[in-house]
Asks: 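Okay, here's the structure, questions in a sec.
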Amino acid sequence: MSEHHSHAHDHAHGSNENLRTAFLLNLGFTIIEIIGGFWTNSIAILSDAVHDLGDSISLGLAWHFNRLSSRGRTATDTYGYRRYALLGGLITGIILVAGLAFVVWHAVARLLDPQPVNAPGMIALAVVGVIFNGAAVLKVRRGSSLTEKVVTWHLIEDTLGWLAVLIGASVMALWDLPLIDPLLSIGIAVFILWNVFRNLRKVFDVFIQRVPDTFDIEAFEREVLLHPKVMSVHHTHSWTVDGEMHVLTTHLVMQRDATREEVVEAKTLVRNLLDRRTFGHVTVDVELEGESCVGGEDAGYGATGPAEPLKQA
C-alpha cells in the first residue's frame, strides 16, 4: 500500500468515525429532547427537537455518503467515490438552512406572542444539550473534509442554540422577560447562516470544477517556463474531486531538439511544483516545436509563453 493511499485510507476512516459519533450523539439527544419538550411544556424545545431530528437525518446521510466515498475506483467511477462525500455536505447544508429558517420563523412568532415556560426544566435540558452537542463538535471539528466542516457548523449551531436556551432560561427564572429567548435565537441563526453559506459556496465551487483556491495557475505556468527547453504552456486545467484531492492537466511545447531526458525533467518539474498531498492526479502532455496539439483548440485557460511555434507547419 502506497503512502498516499494509506494516508487517504486513514483519513477516510477517521472522517467516518467522526461523523458516526456526531450522528449517534445527535440522535440520542433528539430523543431526550422530545421527551423533555413535553415534560417542560415548552414549544420552543419541541420546535428545536424537530430541527434536531432533521439534523440527525442529515448527519446520517453525511455519514453514509462519506463511507461510500472511501471505496476504491471502478471502471465507471475512475476517481472512486470520493465525490459522493460532497452530497452529504450539500444535503446537510440545505437541511440546516431550512431548519434555521424554521427556527427564525418560530422565534418571530414568539416575539409577537410571548409565552411562559418552565424555566428550571429548560435549564436542565440546556445543560444536557450543551454537553451532548459540545462533545460532538469537539469530535468532528478535527476533520478537514468539506462535509465535516458543514457538519461542524451544524453542531456549533445546536450548541450555541442550547447556550442561548441556558442563558435565556436562567434570566427568565429570575425575571419575567420571555422576549430574551427568541431574540437570542434570531441572533445565533444569522451568525450560523453566514458561516454555512460560506461552506456551501465551497461545495458548489467543487461541483462546478473551479480551480482549487490554494492553487495559482499563472504562477505555476511561469515556474514551468523557467525550464530552458519549455517554450510555452497551454491547456492547463485544474479542479478538485472533493475539496481535498486535486487534479491537473497541462500541455508543454518544448524545443524540437529536446532529448527524452529533458522531457522527463520537464515533467518532473511540473510534478515537483505541485503539493503531492493534495494533487493526486497529474497529467502532462508534451509536444515538440512545430507539432500539432492533440488536444485541439483550447477553450479554457489561455496559453502562456510564445505562441508562434504552434503556428509553424
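The figures that follow rest on heavy atoms only: side chains count, while hydrogens, waters and symmetry mates do not.
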Asks: Could you state the interatomic distance from CE (Met245) to CH2 (Trp239), rounded to the nearest 0.5 Å?
Replies: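 One finds 10.0 Å between CE of Met245 and CH2 of Trp239.
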Asks: If you round to the nearest 0.5 Å, how far is CZ of Phe23 from NE2 of His64?
Replies: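 Interatomic distance, His64 NE2 to Phe23 CZ, rounded to 0.5 Å: 12.0 Å.
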Asks: Please list, chain by chain and in numerical order, all residues satisfying salt bridge (charged side-chain N to carboxylate O under 4.0 Å, His left out) with Lys229, sequence neighbours excluded.
Replies: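 Expected list: Asp257.
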Asks: Only one of Val282, Thr236, Asp285 clears side chain to side chain contact (heavy atoms under 4.5 Å, CB included) with Thr250; which?
Replies: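 That would be Thr236; it is the only one of Val282, Thr236, Asp285 passing the side chain to side chain contact (heavy atoms under 4.5 Å, CB included) with Thr250.
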Asks: If we only count heavy atoms from C-beta on, is the Phe220 to Leu248 side-chain gap below 4.5 Å?
Replies: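 Side-chain contact under 4.5 Å: yes.
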Asks: Is there side-chain contact between Val211 and Thr240, with heavy atoms separated by less than 4.5 Å?
Replies: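 No - every pair of side-chain heavy atoms lies 4.5 Å or more apart.
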Asks: Would you say Leu174 ends up clustered with Val171 if hydrophobic residues are merged whenever their side chains have heavy atoms under 4.5 Å apart, either directly or through other cluster members?
Replies: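 In one cluster with Val171: Leu174, yes.
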Asks: Show which residues join Val264 in its hydrophobic cluster (side-chain heavy-atom contacts under 4.5 Å, direct or indirect), or state none.
Replies: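 Other cluster members: none.
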Asks: Residues in side-chain hydrogen bond (donor to acceptor under 3.5 Å, both in side chains) with Ser56, at least two apart?
Replies: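 For Ser56, the residues satisfying side-chain hydrogen bond (donor to acceptor under 3.5 Å, both in side chains) (neighbours in sequence not counted) are Asn26, Thr30.
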Asks: Check the surroundings of atom CZ in Phe207: do more than 12 heavy atoms from other residues, nucleotides or ligands lie under 6.0 Å from it?
Replies: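 Yes, the 6.0 Å shell around CZ holds more than 12 heavy atoms from other groups.
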Asks: Under the rule for salt bridge (charged side-chain N to carboxylate O under 4.0 Å, His left out), what residues qualify as partners of Arg201, not counting sequence neighbours?
Replies: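 For Arg201, the residues satisfying salt bridge (charged side-chain N to carboxylate O under 4.0 Å, His left out) (neighbours in sequence not counted) are Asp205.
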Asks: Could you work out the complete set of other residues in the hydrophobic cluster of Val127, with links drawn between I, L, V, M, F, W and Y side chains under 4.5 Å apart?
Replies: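 Members alongside Val127: Ile123, Ile131, Leu166.
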Asks: Closest heavy-atom contact between Gly290 and Arg256?
Replies: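 In this case the closest contact between Gly290 and Arg256 is CA-NH2, 3.9 Å.
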Asks: Working to the nearest 0.5 angstrom, can you tell me the gap between Leu125 CG and Ile32 CD1?
Replies: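 Answer for the CG-CD1 pair, Leu125 versus Ile32, is 8.5 Å.
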Asks: Pick from Lys267, Arg260, Glu261: which one makes a side chain to side chain contact (heavy atoms under 4.5 Å, CB included) with Val263?
Replies: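 Output: one option passes, namely Lys267.
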Asks: State, yes or no, whether a side-chain contact exists between Phe279 and Val270 at a heavy-atom distance under 4.5 Å.
Replies: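 Result no, sub-4.5 Å side-chain heavy-atom pair not found.
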Asks: Any side-chain heavy atom of Trp162 within less than 4.5 Å of one from Glu33?
Replies: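 The answer is yes; the side chains approach within 4.5 Å.
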Asks: Start with the C-alpha gap between Val130 and Leu163, add the side-chain angles, then the distance that decides, and say whether side chain to side chain contact (heavy atoms under 4.5 Å, CB included) holds.
Replies: CA-CA 7 Å; Val130 170; Leu163 280 173; 3.9 Å; yes
Asks: Give me the other members of the hydrophobic cluster that Ile35 sits in, counting Ile, Leu, Val, Met, Phe, Trp and Tyr linked by side-chain heavy atoms under 4.5 Å, directly or via other members.
Replies: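 Listed partners: Ile31.
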Asks: Minimum heavy-atom separation for Ala266 and Leu252, please, with both atom names.
Replies: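 Nearest pair, atom of Ala266 first, then Leu252: CB-CD1, 4.0 Å.
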Asks: At their closest point, which heavy atom of Met122 faces which heavy atom of Ala169, and how far apart are they?
Replies: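 So the minimum-distance heavy-atom pair works out to CB-CB, 3.8 Å.
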Asks: How long is the gap from CD on Glu265 to CE on Met254, to the nearest 0.5 Å?
Replies: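 Here the rounded value is 8.0 Å.
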Asks: Can you sort out the partners of Asp275 under salt bridge (charged side-chain N to carboxylate O under 4.0 Å, His left out), two or more places apart, ordered by chain and number?
Replies: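 Arg277.
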Asks: By ring pair (Phe, Tyr, Trp, His ring centres under 6.0 Å), which residues pair with His227, not counting sequence neighbours?
Replies: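 With sequence neighbours excluded, His227 shows a ring pair (Phe, Tyr, Trp, His ring centres under 6.0 Å) to no residue whatsoever.
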Asks: With Arg198, which residues qualify under side-chain hydrogen bond (donor to acceptor under 3.5 Å, both in side chains), at least two apart?
Replies: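 Residues passing side-chain hydrogen bond (donor to acceptor under 3.5 Å, both in side chains) with Arg198: Asn195.
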Asks: Are the side chain of Glu291 and the backbone N or O of Leu288 linked by a donor-acceptor pair below 3.5 Å?
Replies: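 Side chain of Glu291 to backbone of Leu288, a donor-acceptor pair under 3.5 Å: yes, one is there.
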Asks: Using the test salt bridge (charged side-chain N to carboxylate O under 4.0 Å, His left out), find all partners of Arg271 that sit at least two apart in sequence or belong to another chain.
Replies: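 Arg271 satisfies salt bridge (charged side-chain N to carboxylate O under 4.0 Å, His left out) with no residue once adjacent residues are dropped.
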Asks: What is the minimum heavy-atom distance between Val206 and Val241, and which atoms define it?
Replies: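 Closest heavy-atom pair between Val206 and Val241: CG1-O, 3.6 Å.
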Asks: Measuring from Glu287:CD to Ser232:OG, what's the distance to the nearest 0.5 Å?
Replies: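 Rounded to the nearest 0.5 Å, the CD-OG separation comes to 8.0 Å.
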Asks: Nearest 0.5 Å please: distance from the CZ atom of Arg210 over to the OG atom of Ser238.
Replies: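 So the CZ of Arg210 and the OG of Ser238 are separated by 12.5 Å.
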Asks: Looking only at non-hydrogen atoms, find the nearest pair between Ile156 and Val137 and report the distance.
Replies: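 It is N-CG2, 3.7 Å.
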Asks: If the condition is ring pair (Phe, Tyr, Trp, His ring centres under 6.0 Å), which residues does Phe132 pass it with, not counting sequence neighbours?
Replies: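 With sequence neighbours excluded, Phe132 shows a ring pair (Phe, Tyr, Trp, His ring centres under 6.0 Å) to Phe29, given in chain and number order.
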Asks: Can you name the residues that form a side-chain hydrogen bond (donor to acceptor under 3.5 Å, both in side chains) with Gln209, not counting sequence neighbours?
Replies: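 Expected list: none.
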Asks: Do the ring planes of His251 and His234 sit parallel (below 30°), tilted (30 to 60°) or perpendicular (above 60°)?
Replies: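 The arrangement is perpendicular - the two ring planes meet at more than 60°.
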Asks: Under a single-linkage definition using a 4.5 Å side-chain heavy-atom cutoff for Ile, Leu, Val, Met, Phe, Trp and Tyr, are Trp175 and Ile167 assigned to the same hydrophobic cluster?
Replies: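 Yes; Ile167 is reachable from Trp175 via cluster members.
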Asks: Flag the pair Leu225 / Val233 as yes when at least one side-chain heavy-atom distance between them is below 4.5 Å, and no otherwise.
Replies: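 Yes - at least one pair of side-chain heavy atoms lies under 4.5 Å apart.
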Asks: Between the main-chain N or O of Glu218 and the side-chain N or O of Glu221, is there a donor-acceptor pair closer than 3.5 Å?
Replies: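 Flag not set: sc Glu221 to bb Glu218 has no pair under 3.5 Å.
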